[in-house]
Amino acid sequence: MKVRTRFAPSPTGYLHIGSVRTALYAWLYARHHGGEYFLRIEDTDRERSTQEAVDAIIHGLDWLGLTADAPPIFQTQRFDRYREIIDRLLASGHAYRCYCTREELDAMRAEAQARGEKPRYDGRCRAGGRERADVAPTVRFKTPLEGETVVDDLVKGRIVFDNAELDDLVIARSDGTPTYNFTVVVDDMDMRITHVIRGDDHVNNTPRQINIFRALGAEPPAYAHLPMIHGPDGTKLSKRHGAVNVLEYRQMGYLPSAMLNYLARLGWSHGDQEIFTLDELIRLFDLDRVSRSAASFDPMKLLWVNQQHILRTPTAELVPLLAEQLERRGLDPADGPPLERTVEALRERSQTMAEMAERAHCYYQEFEAFDEKAAEKHLVPAAREVLEALKAALAAVPDWSEKPLEDAVAGVAERLGLKLGKVAQPLRVAVTGQAASPGIGTTLVLVGRERTLARIDRALGRIAG
RNA sequence: GCUCCCUUCGUCUAGCGGUCUAGGACGCCGCCCUCUCAAGGCGGAAACACGAGUUCGAGUCUCGUAGGGAGCGCCA
């Protein structure tokens, strides 16, 4: 049977990084097994669902390349179908109308808790005979009173639930709208989902859903419950831990391939391998290598993975990303060296594309001010002679490219009897404003002849002033 | 409270009864390379939650304990 998986978020906010991992695993599992993956928007809670959230989910998944094999399915467009199934369950005696009021239910729960039991519905309307005109009834599913429901979870192993622990859950509200545990079953059944891959906060819902499948005469799918992702401090991952919205990572200059790599590796492993291409993930991913315990999100490691991907991604693919970051900063990519050169020069010293853009700033626009620490250390009176000599030597270089420029700088050092560092550093600070940059020859090429000479004057001015 | 799940370096993990004086990676520290910063190379500190079993032998199996998490809605 062909594998069919789905990702089923509810559109109540931005796309959370934990949700993305769930989507990724469902997507990878389908791709790995040559199956299909679908997106289903669970928007039955009309109070909390928003169009912005739907857009955020779709944009986020799109950015990451987690594309579905069909247009998204919206639950709000399937109310007729849910109604139909509810009627079927009612007719077959698998469900019944409940006339209990909220007050009655609250009291019931309070009593159960007082007795030290799990708060649950006691089934008082199950036998019928409690119809009343002043209460719009809900519809409850008749959970089997005895027996066990077994979940052979693909990640957690066998989990056995006593049906007696489960109560009769509401499947239709008093206004007739269906509830979560019910719509999930109808949709997974209709979509012919073979593998439900979701967060392990859903394990306790699973026996209820399996019972509904059975009542409908349908075969339940296989289940795989993924452990949660915690923050670095071990608590639930939240905004306190930094960005949890995937789209923010795009802004921060992370590569989709790196996000996917990091997230895949968070809770899954393939021996000692850390860096994976998307193709490798598809080829190697499977649920039997998924860890059973919760993992902590580590922004530092994400940064490293991103850097590794920047190192491995072809320059041509990085160029538009750098352009985007430069433009976001109000810089004109045309007013400086070709972006290819900048990427080549900075790729191994940038952990994000945002950082690369920061470092590239001085190649596309005059820098505001010298880094004070760097200037104090290198733009000292003793550097005056060095910069004068450099200016003359560089101005005389006919071919403004790396090798001749390096030779010119080395020549100045030799003539003045100084170590290269004593010459290159003042020059570096003079032309970039910073103490760190690519190799001096490369840096000079990036800055360009005109700006280099002008900036040496600027530095000399500072020393004099 | 009840039900379910989880527990190897700070973090992500390898380990599927003996090859474990527990391996890799991030981070941290040191060294090398070096015009700076990186990248890269080399080295170091750092973990089997605890207690009983089973077994010739347990990080690996079983049961407890402790700790953590999830769920217990006319939310999803």
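Letters A, B, ... mirror the listed sequences (proteins, then strands); counts begin at 1.
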Exercise. Which listed nucleotide (B/C4, B/A25, B/C74) is nearest to the side chain of A/Phe161?
Worked result: B/C4
Exercise. Rounded to whole angstrom units, what separation is found between the OH atom of A/Tyr180 and the P atom of B/G71?
Worked result: 11 Å
Seminar exercise, completed: Against the side chain of A/Pro119, the closest entry in B/G24, B/U36, B/G1 is B/G1
Exercise. Side chain of A/Met300: nearest nucleotide among B/A14, B/G27, B/A76?
Worked result: B/G27
Exercise. For atom CD of A/Glu368, is the number of surrounding heavy atoms from other residues, nucleotides or ligands below 6.0 Å larger than 12?
Worked result: no
Exercise. To the nearest angstrom, how far is A/Lys373 atom NZ from B/C37 atom C1'?
Worked result: 13 Å
For this session: Ignoring the backbone of A/Lys301, work out which of B/C74, B/A76, B/A25 is nearest its side chain.
Result: B/A25
Seminar exercise, completed: Of B/C74, B/A76, B/A70, the nucleotide closest to the side chain of A/Arg102 is B/C74
For this session: Verify the contact: side-chain N or O of A/Thr44 to OP1 or OP2 of B/A76, cut-off strictly under 4.0 Å; return yes or no.
Result: yes
For this session: Tell whether A/Gln273 reaches the base of B/G24 with its side chain through a donor-acceptor pair below 3.5 angstrom.
Result: no
Exercise. Phosphate oxygens OP1/OP2 of B/C74: is one of them under 4.0 Å from a side-chain N or O of A/Arg109?
Worked result: yes
Exercise. Phosphate oxygens OP1/OP2 of B/G15: is one of them under 4.0 Å from a side-chain N or O of A/Arg289?
Worked result: yes
Problem set entry | Nearest-nucleotide pick for A/Ile159, side chain only, options being B/G23, B/C4, B/G69 | B/C4
Problem set entry | Base B/G71 to side chain A/Asp201, donor-acceptor N/O within 3.5 Å cut-off | no
Exercise. Could a donor-acceptor pair under 3.5 angstrom be found where the side chain of A/Thr179 meets the base of B/C74?
Worked result: no
Exercise. Under 3.5 Å, is there a donor-acceptor pair linking the side chains of A/Thr76 and A/Asp43?
Worked result: yes
For this session: Assess whether one donor atom and one acceptor atom, taken from the side chain of A/Arg292 and the base of B/C6, lie less than 3.5 Å apart.
Result: no
Exercise. Looking only at N and O atoms, is any donor in the side chain of A/Arg349 or the base of B/C37 less than 3.5 Å from an acceptor on the other one?
Worked result: yes
Seminar exercise, completed: Out of B/A76, B/C26, B/C72, minimum distance to the side chain of A/Asn205 belongs to B/A76
Exercise. Of all the choices, B/C2, B/G40, B/C26, which nucleotide is nearest to the side chain of A/Gln308 once you look at every atom?
Worked result: B/G40
Exercise. So, is A/Gln307 near the phosphate of B/C37, with a side-chain N or O under 4.0 Å from OP1 or OP2?
Worked result: no
